[in-house]
Amino acid sequence: MDRQTANELRSILTKMNITKGKVKIDLNNDTIEVEDDYSIDDILDSAGVLTPEQAKQLAEEVKKMREEEWN
């Protein structure tokens with residue numbers, strides 16, 4: 001993407017109060033998802049205090065919560 005297009009997109013997103021550097025735009029569903037600096041998998045891997053089942057359950061809950069926010 002060229003610099004001008006990136007700046008124009010940044011301007012549009014800023015007007016929508018979206019200031020994160022990474023976003024996912026789904027044109028099919030007309031949604032914008034702000035991407036975290038670290039994925040939940042990265043956080044869970046580094047924490048190392050959850051059982052695999054607890055980690056799976058937490059990841060599912062986070063996914064469900066994010067889906068509810070966009071609906």
Side-chain angles (χ1 to χ4, degrees):
M1 167 181 336
D2 62 86
R3 182 172 289 283
Q4 181 180 353
T5 302
N7 286 336
E8 289 173 8
L9 283 171
R10 188 175 294 110
S11 175
I12 292 167
L13 294 171
T14 300
K15 289 176 185 176
M16 298 171 62
N17 294 322
I18 298 172
T19 58
K20 292 285 186 174
K22 292 184 179 183
V23 297
K24 185 186 301 183
I25 300 172
D26 184 337
L27 298 175
N28 293 327
N29 292 319
D30 297 334
T31 60
I32 298 174
E33 180 179 336
V34 176
E35 294 190 7
D36 297 328
D37 291 335
Y38 301 99
S39 73
I40 188 68
D41 292 333
D42 294 335
I43 294 168
L44 294 175
D45 285 344
S46 65
V49 295
L50 301 176
T51 66
E53 183 59 36
Q54 290 171 320
K56 181 180 176 185
Q57 182 180 4
L58 180 58
E60 288 173 1
E61 288 178 26
V62 169
K63 181 180 177 184
K64 181 181 174 184
M65 184 175 59
R66 287 181 176 171
E67 288 173 354
E68 289 173 356
E69 287 178 4
W70 289 105
N71 292 327

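In what follows, every heavy atom counts, from backbone to side chain, and hydrogens, waters and symmetry copies are set aside. Computed from a predicted model, the values in this text were never measured in an experiment.
Under the side chain to side chain contact (heavy atoms under 4.5 Å, CB included) criterion, Asn17 pairs with no residue at all, not counting sequence neighbours. For Asp30, the side chain to side chain contact (heavy atoms under 4.5 Å, CB included) criterion is met by no residue, not counting sequence neighbours. Every side chain to side chain contact (heavy atoms under 4.5 Å, CB included) that Ile12 has, sequence neighbours left out, goes to Met16.
Judged by distance alone, the side chain of Ser11 and the main-chain N or O of Asn7 form no donor-acceptor pair under 3.5 Å.
Summarising the geometry, atom CG belonging to Leu9 is positioned 11.0 Å from atom CD1 belonging to Ile18; distances are rounded to the nearest 0.5 Å.
Leu27 and Leu13 end up in the same hydrophobic cluster when Ile, Leu, Val, Met, Phe, Trp and Tyr side chains are linked at under 4.5 Å.
No side-chain heavy atom of Met65 sits less than 4.5 Å from a side-chain heavy atom of Glu61.
Checked by atom type, the side-chain pair Glu53/Gln57 shows no donor-acceptor distance below 3.5 Å.
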